Amino acid sequence: MVDLTIIAKSVIEGEKEKIRALVQQAISEGVTADRLLSEGLIAGMNVVGERMKTHEMWLPEVILSAMTMQVGLDLLKPLLGTTGAGLGPKVVLGTVKGDVHDIGKNLVGMMLRGAGFQVVDLGINRAAEEFVRAAEEEEAKIVGMSALLTTTMPEMRNTIEALKAAGIREKVKVIVGGAPVSPEYATQIGADGYARDAARAVDKVRELVG
Ligand code: B12
C-alpha cells in the first residue's frame, strides 16, 4: 500500500515524476480521491505554505511543488468527475485580478464538473469586467471567485459591484473562496456564499441554485 505521507513528501519536494507513479499506484489500490487529496496532495501543500511563510522554501521551489500537485490533481480528475453529464447549471469560475494561484480553483472546478455542473473556467488574474462579460455571455447561474492573497481579496468586492453596475447581479449567485477568505468577509462584500474547500463548494453551489 502506498503511504500517503510519501505522496505529501513528493509535493513538498517537487518530485513530478515520482508523484505520477505514486498516485497511480494509490488509485489502483483503491485509495479514495478524498483521502488522496486530504492526506496526500493537500497535506503536502500545507507544509509548503508553512515553509514559504518561514522562508524555508522560496518561490522556485514552491512553483515546483505547485506543478507536482497539479500532476497529481490531473490524475484524480476521472475520479472526481463521477457523473460527467455536465449539463447542469453554468458556473463561471476564475481567480481574481492580480492573483495567479489556481490549484484550489482548479480543484473546485473539477469537483463541480464531477457533480454535473457546466464550468466555464476563466483562468487566473481575471478583472471584474471579464467575470461580468462571461456571466452575461454564458448566461451563468453562478459566479465563483478565488483569491489567495489578502491584497487581491478586494477584487471580489469590485467584481460584485461590477455585476451590479451591469444590471445582472440579481441574475447570478456569487460564491467566493480561497485560503484568506472567511464567511464573514463573504457576507461583508455581498456574496451569496462561501465554502472553505472544494467539496463544500459543491454543496454550497447546489444550495444556491436550489
Ligand atoms: C502554491 C502557492 C503559490 C504558487 C501558485 C501556483 C499555482 N499555480 O497556483 C506560486 C509560487 C506561483 C505563488 C506565488 C505567490 N504567492 Co503563494 N502560495 C502558494 C501556497 C503554498 C499554496 C496554495 C495552494 O495551492 N493550496 C492548495 C489548495 C488546494 O488550497 P486553496 O488554494 O486554499 O484552495 C482550497 C480552498 O481555499 C477553496 N477555494 C479556493 N478557491 C475557491 C473558490 C471558490 C469559489 C470556493 C467556493 C472555494 C475555493 O477550495 C480549495 C480546494 O479545497 C500558499 C500557502 C497556503 N497555505 O495557501 C501560498 C500563499 C497563498 N502565497 C503567498 C504569497 C505571499 C505569494 C507571492 C506574493 C510570493 C511572492 N513573494 O511573489 C506570490 C504572488 C503571486 C500572485 N500575484 O498571485 C502567501 C499569501 C499571504 C497573504 N496573506 O496574502 C501564502 C499564504 C504563503 C505564505 N504562507 O506566506 N504561490
Side-chain angles (χ1 to χ4, degrees), residues 7-8 11-14 16 33-34 36-74 76 80 91-115 117 119-127 131 135 140-156 159-160 172-183 185-186 189 191-209:
I7 292 184
V11 170
I12 300 166
E13 293 178 358
K16 277 194 288 173
D34 238 25
L36 257 164
L37 275 171
S38 59
E39 294 170 40
L41 302 175
I42 294 182
M45 198 45 101
N46 286 341
V47 174
V48 173
E50 284 311 309
R51 293 193 182 169
M52 199 174 168
K53 201 156 56 187
T54 53
H55 302 303
E56 278 167 81
M57 276 178 84
W58 296 94
L59 229 44
E61 298 158 282
V62 181
I63 291 172
L64 212 58
S65 291
M67 288 162 74
T68 306
M69 170 130 185
Q70 194 62 54
V71 171
L73 279 186
D74 287 342
L76 286 186
L80 299 174
V91 183
V92 161
L93 184 67
T95 302
V96 298
K97 188 169 145 192
D99 202 318
V100 305
H101 295 85
D102 68 354
I103 295 173
K105 166 190 69 65
N106 294 347
L107 192 50
V108 170
M110 279 180 208
M111 301 272 281
L112 285 172
R113 282 198 183 98
F117 290 93
V119 177
V120 179
D121 190 339
L122 302 182
I124 54 170
N125 190 20
R126 291 292 167 236
F131 280 98
K141 291 273 178 281
I142 300 273
V143 171
M145 287 182 273
S146 180
L148 263 288
L149 300 172
T150 43
T151 50
T152 58
M153 282 165 62
E155 277 301 323
M156 295 176 154
T159 305
I160 292 174
V172 294
K173 298 285 184 195
V174 176
I175 180 167
V176 294
V181 182
S182 65
Y185 186 75
I189 63 172
D192 303 298
Y194 158 85
R196 72 176 159 89
D197 60 36
R200 287 179 175 84
V202 172
D203 293 341
K204 196 70 201 178
V205 167
R206 279 205 183 109
E207 183 191 314
L208 290 175
V209 295

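Computed from a prediction, not measured in an experiment: that's the story for all the values here. Just so you know, ligand 1 is whichever comes first in the structure, and atom 1 is the first atom listed for that ligand.
At least one side-chain heavy atom of Val181 sits less than 4.5 Å from a side-chain heavy atom of Met156. Counting heavy atoms from C-beta outward, Met110 and Leu76 have side chains that stay 4.5 Å or more apart. At a threshold of 4.5 Å between non-hydrogen side-chain atoms, the residues Leu122 and Val92 count as touching. Counting only heavy atoms from C-beta outward, the side chains of Tyr194 and Arg200 never approach each other to under 4.5 Å.
Of the residues Asp197, Leu107, Leu36, the one that meets the side chain to side chain contact (heavy atoms under 4.5 Å, CB included) test with Ile42 is Leu107.
For the residue pair Gln70/Asp74, the side-chain donor-acceptor check at 3.5 Å is satisfied.
Taking every non-hydrogen atom of Asp99 and a distance limit under 4.0 Å, the qualifying atoms of ligand 1 come out as 78 (O). For ligand 1 and Ala179, the ligand atoms under 4.0 Å from any heavy atom of the residue are 33 (O), 37 (O), 58 (O). Annotation for ligand 1: atoms under 4.0 Å from non-hydrogen atoms of Ala66 are 6 (C). Heavy-atom proximity to Ala201, at under 4.0 Å, picks out these atoms of ligand 1: 47 (C). Listed by number with element, the atoms of ligand 1 under 4.0 angstrom from any heavy atom of Ile175 are 45 (C), 47 (C).
When heavy-atom distances to ligand 1 are checked against a 4.0 Å cut-off, Leu107 comes that close only through its side chain, counted from C-beta outward. Here His101 has heavy atoms under 4.0 Å from ligand 1 in both its backbone and its side chain. Contact annotation for Glu50 and ligand 1: no heavy atom of the residue comes within less than 4.0 Å of the ligand. Neither the backbone nor the side chain of Arg200 comes within contact range of ligand 1; no heavy atom lies under 4.0 Å. Counting heavy atoms under 4.0 Å from ligand 1, residue Asn125 does not touch it at all.
No N or O atom of Gly144 sits closer than 3.5 Å to an N or O atom of ligand 1. Residue Tyr194 has no N or O atom closer than 3.5 Å to an N or O atom of ligand 1.
Proximity of atom 20 (C) of ligand 1 to the protein is not indicated, since no non-hydrogen protein atom lies closer than 4.0 angstrom. Counting protein heavy atoms under 4.0 angstrom from atom 71 (N) of ligand 1 gives zero. Of the protein's heavy atoms, at least one falls inside 4.0 Å of atom 49 (C) of ligand 1. Protein heavy atoms come within 4.0 Å of atom 76 (C) of ligand 1. Proximity of atom 86 (C) of ligand 1 to the protein is not indicated, since no non-hydrogen protein atom lies closer than 4.0 angstrom.
When Ser146, Ala186, Ala147, Gly104 are checked for heavy-atom proximity to atom 31 (P) of ligand 1, Gly104 turns out nearest. Counting only non-hydrogen atoms, the option in Met145, Met52, Lys105 that gets closest to atom 43 (C) of ligand 1 is Met145.
Scanning the protein heavy atoms around atom 7 (C) of ligand 1, the nearest turns out to be Asp102 OD1, 3.4 Å. Atom 38 (C) of ligand 1 has as its closest protein heavy atom Arg196 O, 3.7 Å. For atom 78 (O) of ligand 1, the closest non-hydrogen atom on the protein side is Val100 N, 2.8 Å. Nearest non-hydrogen protein atom to atom 27 (C) of ligand 1 is Met45 CG, 3.7 Å. In terms of protein heavy-atom proximity, atom 79 (C) of ligand 1 is closest to Leu149 CD2, 4.3 Å. For atom 89 (N) of ligand 1, the closest non-hydrogen atom on the protein side is Gly49 O, 3.2 Å.
A pairwise comparison of heavy atoms in Ala147 and Thr152 identifies CB-OG1, 3.8 Å as the closest pair. Among all heavy-atom pairs drawn from Ile175 and Val205, the shortest one is CD1-CG2, 4.1 Å. Nearest heavy-atom pair across Met111 and Leu80 is SD-CD2, 3.4 Å. Heavy-atom minimum distance, Ile124 versus Asp102: CG2-CB, 3.4 Å. Val108 and Ala201 get closest at one heavy-atom pair: CG1-CB, 4.0 Å.
At least one heavy atom of Gly98 sits less than 4.0 Å from an atom of ligand 1. A heavy-atom separation below 4.0 Å is not found between Thr151 and ligand 1.
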